[in-house]
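What follows is one structure encoded as structure tokens, with my remarks underneath.
Protein chains get the first letters and strands the later ones, always in sequence-line order, with residue 1 at the start of each.
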Amino acid sequence: MEEVLKTRKRIKITRFDVLNCLWMVLFSLYCLLPLCIMVSASFSSDATLSEYGYTLFPKKVTMDAYKFVFESGGLLLRSYLNSIIVTGAGTILNLFFSAMIAFPLSKYDFAYKHWITPLLLITMLFSPGLVPTYILITQFLDWKDTIWVLIIPQIGTTFNIILLRTFFSDIPREIGESAKIDGCSVFREFLTITMPLSMPALATCSVLMALSYWNDWGTPFLYIDQFNTDLYTVQYLMAKLEVQAKSWYENAGLMGENQNINSVIMATCIIGTLPIMFVFLYLQKYIVKGMTVGAVKG
Amino acid sequence: MSELAEEKGVESEVQSPNLQTIRNAKMRKKLNKLYRNSSYLMMCLPIVIKTVIFSIVPMLWFVMAFQDYKFPPLFGKQNTWVWFENFEYFFTSGEIWDIVGNTVGLNLMFIFIGTPLTAIMALFMNEMHSRTTTKVFQTIWFIPYLISWSVAQYASWGIMESNGLINTVLGHLGMEPIDFYAASSTGLWPLILFLWNMWKGQGYSVILDYAALQSLDTGIMEAAELDGATRLQRMWYIEVPHLRKIVAIQLIMSMGGIVKSDFGMFWFLPKFEGNSALELKKSVEVLDVRIYRLVNDPRIKTDYSKATAIGLIQSIVGMVIMLATNWIVKKLDEESAFI
């Protein structure tokens with residue numbers, strides 16, 4: 001066996017392999033280029049940027065932009081806090097309720113399955129569109145400028161429910177049946193048997209959910225007022241950064257002199273994006289798993 | 001339960017006791033079924049209520065598309081009924097057709113260049129020997145997917161503004177700088193949008209296709225190798241058929257979204273706010289952007305009715321195209337269809 005492994009390792013590197021690697025390296029550079037420019041610009045001053053233009057590596061390294069953000073950008077901290085609250089609460093609620101509906105749907109003896117599945121599929125096929133939803137939320141529910149609007153509309157996405165249903169149906173039905181004979185109620189079976197048995201599935205799903213909550217800039221963009229800084233999330237702050245960065249300078253009494261608006265914007269983006277990006281990169285195998293399993297028949 | 005059934009029996013003036021018994025039995029059976037499933041139903045309830053409120057109830061406001069909507073209440077006197085005027089505007093105004101053309105044209109470009117390219121890239125990625133190297137590449141390609149457009153827009157300034165990277169490089173080469181946001185460069189924007197769209201999603205899609213290839217039985221590949229199949233033959237006869245299903249589903253989904261767009265990309269990249277690039281704005285406007293602007297843009301007249309009408313058409317057309325694509329795929333290959 002070892003012989004085989006050794007010969008496999010000594011595969012000859014052909015011209016094909018070199019070319020194959022080359023395009024992958026080029027594409028990687030293409031993916032990294034915008035990020036690289038942002039990092040480089042965040043370490044420059046606006047004077048350098050306008051003199052030499054944006055470059056891949058900073059011409060004169062300064063930490064001024066970062067210093068300024070840490071001194072005056074208290075809003076960033078506030079947004080981080082809001083984003084963490086929304087993502088945390090949203091993911092937990094979303095996971096619990098989605099699992100709770102996916103559980104009966106994965107059961108062969110649930111008689112009304114054929115009523116509920118189409119209802120969920122309709123939402124995938126036909127969306128009511130922006131304006132009706134906007135009116136529902138602002139006039140009917142009156143959720144404009146509340147935290148609910150950031151959390152509740154995303155709960156129970158059909159995709160996640162189907163994903164969880166697929167995972168749940170892999171659990172042998174005998175386990176549930178024997179629990180039932182021993183007098184276990186359906187809800188207790190869900191809480192004490194199905195949920196613990198499908199921990200990997202729940203992890204996959206919660207990563208997907210957390211990602212969609214964290215990266216959601218569209219909902220606050222529509223429903224949170226620009227001046228309501230108490231409810232800013234990180235993504236919303238990024239969308240409104242041009243205005244906010246200027247107001248930071250105004251508040252600091254530095255308007256008009258020695259401004260580094262562009263580098264401050266870039267620095268805020270880096271602080272707001274990179275930490276959480278590494279978390280999700282670390283969790284990427286869950287995202288890939290979820291997306292490939294979820295792409296099965298509805 | 002039997003009391004209820006009896007009452008029902010008395011109410012319906014059925015004379016024959018025989019028929020009545022049968023009805024009672026049926027009723028009891030139904031109630032029994034409901035009772036047996038009651039805990040399951042209770043568990044479904046929260047999401048069912050949420051889905052009804054957020055996906056079914058909003059359809060009530062589709063009536064706005066047939067009104068000249070001013071302010072609530074929906075059925076108040078101030079909202080006069082204009083029936084199909086908003087749709088007429090949609091079909092007769094040339095402006096909207098430009099927007100539809102942009103939406104569909106750009107989406108077709110993204111789909112029909114992007115999907116095959118993704119599959120090809122995944123196939124070649126699968127030819128890598130070292131799993132560690134592939135892992136590194138995967139991680140790098142995943143990064144753009146995690147950066148939202150609200151952040152990526154600032155990177156796009158760094159590349160495309162007058163002192164951006166491209167113009168810096170052009171300056172070093174002694175060439176004329178390009179003003180990407182000027183009216184004269186609208187012709188470049190389909191390409192720019194394609195490149196940005198590829199930056200954002202291509203790596204991610206390749207990783208998904210690559211993951212699908214990983215589920216391929218290695219025994220088949222080794223057998224083919226022993227039988228003397230060349231690299232290309234292996235790709236074409238084994239891996240491509242294996243990818244067919246996931247590509248079909250991707251295609252159905254993206255065809256369903258052909259009248260929709262990635263709002264973030266179309267909103268943030270062409271700098272809709274602040275800049276005076278009116279021509280540019282027109283040349284890359286898509287339906288989603290127009291709907292948003294009809295609701296929330298001080299520069300054009302707010303018109304909920306027209307926005308609803310456009311959204312309604314968008315939803316219906318999207319659904320029809322999705323079902324049609326699904327139908328065609330089903331005809332070609334039963335297994336790969338979505339529904």
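- Looking at B:Leu294, neither its backbone nor its side chain comes within 4.5 Å of chain A, counting heavy atoms on both sides.
- Contact annotation for B:Val295: only side-chain heavy atoms (C-beta onward) come within less than 4.5 Å of a heavy atom of chain A.
- Of the atoms belonging to A:Tyr134, it is side-chain heavy atoms, and not backbone ones, that fall under 4.5 Å from chain B.
- With respect to the salt-bridge test (charged N to carboxylate O, under 4.0 angstrom), the residues A:Lys180 and A:Glu189 do not qualify.
- In this structure, the portion of B:Tyr204 lying under 4.5 Å from any heavy atom of chain A is its side chain and not its backbone.
- Residue A:Ala111 touches chain B through both its backbone and its side chain, counting heavy-atom pairs closer than 4.5 Å.
- Proximity to chain B is limited to the side chain of A:Ile161, based on heavy atoms less than 4.5 angstrom apart.
- Ring geometry, A:Trp23 versus B:Trp141: the interplanar angle falls from 30° to 60°, so the pair is classed tilted.
- A:Phe140 touches chain B through its side chain: at least one heavy atom from C-beta onward sits under 4.5 Å away, while N, CA, C and O do not.
- Separating the CD atom in B:Gln153 from the OG atom in B:Ser148 is a distance of 9.0 Å, to the nearest 0.5 Å.
- Here CH2 of B:Trp61 is found 14.5 Å from OG of B:Ser305. Values are rounded to the nearest 0.5 Å.
- Interface remark: A:Met266 contributes side-chain atoms only to the contact with chain B (heavy atom separation under 4.5 Å).
- Of the two parts of A:Asp109, the backbone and the side chain both hold a non-hydrogen atom closer than 4.5 Å to a non-hydrogen atom of chain B.
- Interface remark: of the candidates A:Ser127, A:Ser98, A:Pro104, A:Pro104 forms the most heavy-atom pairs closer than 4.5 Å to chain B.
- Residue A:Ile155 touches chain B through both its backbone and its side chain, counting heavy-atom pairs closer than 4.5 Å.
- Using the six-membered ring where Trp is involved, A:Phe187 and A:Phe190 have ring planes that are tilted, between 30° and 60° apart.
- Here the CZ-OG1 distance, from A:Arg165 to A:Thr158, works out to 11.0 Å after rounding to the nearest 0.5 Å.
- Both the backbone and the side chain of B:Lys33 have a heavy atom closer than 4.5 Å to some heavy atom of chain A.
- Classification of the B:Trp267-B:Tyr292 ring pair by plane angle, with boundaries at 30° and 60°, yields perpendicular.
- Between B:Tyr40 and A:Phe110, the ring planes are perpendicular. Angles over 60° get that label, and only those under 30° would be called parallel.
- For the residue pair B:Gln250/B:Ser205, the side-chain donor-acceptor check at 3.5 Å is not satisfied.
- Residue contact with chain B, scored on non-hydrogen atoms closer than 4.5 Å, involves the side chain of A:Ile37 exclusively.
- When each of B:Thr51, B:Thr139, B:Leu60 is scored by its heavy-atom pairs under 4.5 Å with chain A, the top score falls to B:Thr139.
- With a 4.5 angstrom heavy-atom cutoff, B:Ser55 touches chain A via backbone and side-chain atoms both.
- Both the backbone and the side chain of B:Gln138 come within contact range of chain A, with heavy atoms under 4.5 Å apart.
- Neither the backbone nor the side chain of B:Ile166 has a heavy atom closer than 4.5 Å to any heavy atom of chain A.
- Within the 4.5 angstrom heavy-atom criterion, no atom of B:Leu45 approaches chain A.
- Under the 3.5 Å distance criterion, with hydrogens and angles disregarded, a donor-acceptor pair is assigned to the side chains of B:Asn126 and B:Gln214.
- Side-chain atoms of A:Ser185 come within 3.5 Å of backbone atoms of A:Arg188 as a donor-acceptor pair (strictly under, hydrogens ignored).
- Heavy atoms closer than 4.5 Å to chain B are found in both the backbone and the side chain of A:Met277.
- Considering only heavy-atom pairs separated by less than 4.5 Å from chain B, the leading option among A:Asn215, A:Leu222, A:Leu281 is A:Leu281.
- Annotation: maximal heavy-atom pairing with chain A below 4.5 Å, among B:Ile47, B:Thr168, B:Val169, occurs at B:Ile47.
- With a 4.5 angstrom heavy-atom cutoff, B:Arg231 touches chain A only via side-chain atoms.
- With a 4.5 angstrom heavy-atom cutoff, A:Cys21 touches chain B via backbone and side-chain atoms both.
- The number of heavy atoms from other shown groups lying within 6.0 Å of CZ (A:Phe16) is above 12.
- Of the two parts of B:Met319, the backbone and the side chain both hold a non-hydrogen atom closer than 4.5 Å to a non-hydrogen atom of chain A.
- Heavy-atom distances place both the backbone and the side chain of A:Gln235 under 4.5 Å from chain B.
- Proximity to chain B (any heavy atom under 4.5 Å) is shown, for A:Ile276, by neither the backbone nor the side chain.
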Next item on the list: I would like to know whether A:Glu51 and B:Asn163 meet side-chain hydrogen bond (donor to acceptor under 3.5 Å, both in side chains); could you show each step before the answer?
Entry: CA-CA 8 Å; A:Glu51 198 182 337; B:Asn163 61 345; over 6 Å; no
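- Residue contact with chain B, scored on non-hydrogen atoms closer than 4.5 Å, involves the side chain of A:Thr273 exclusively.
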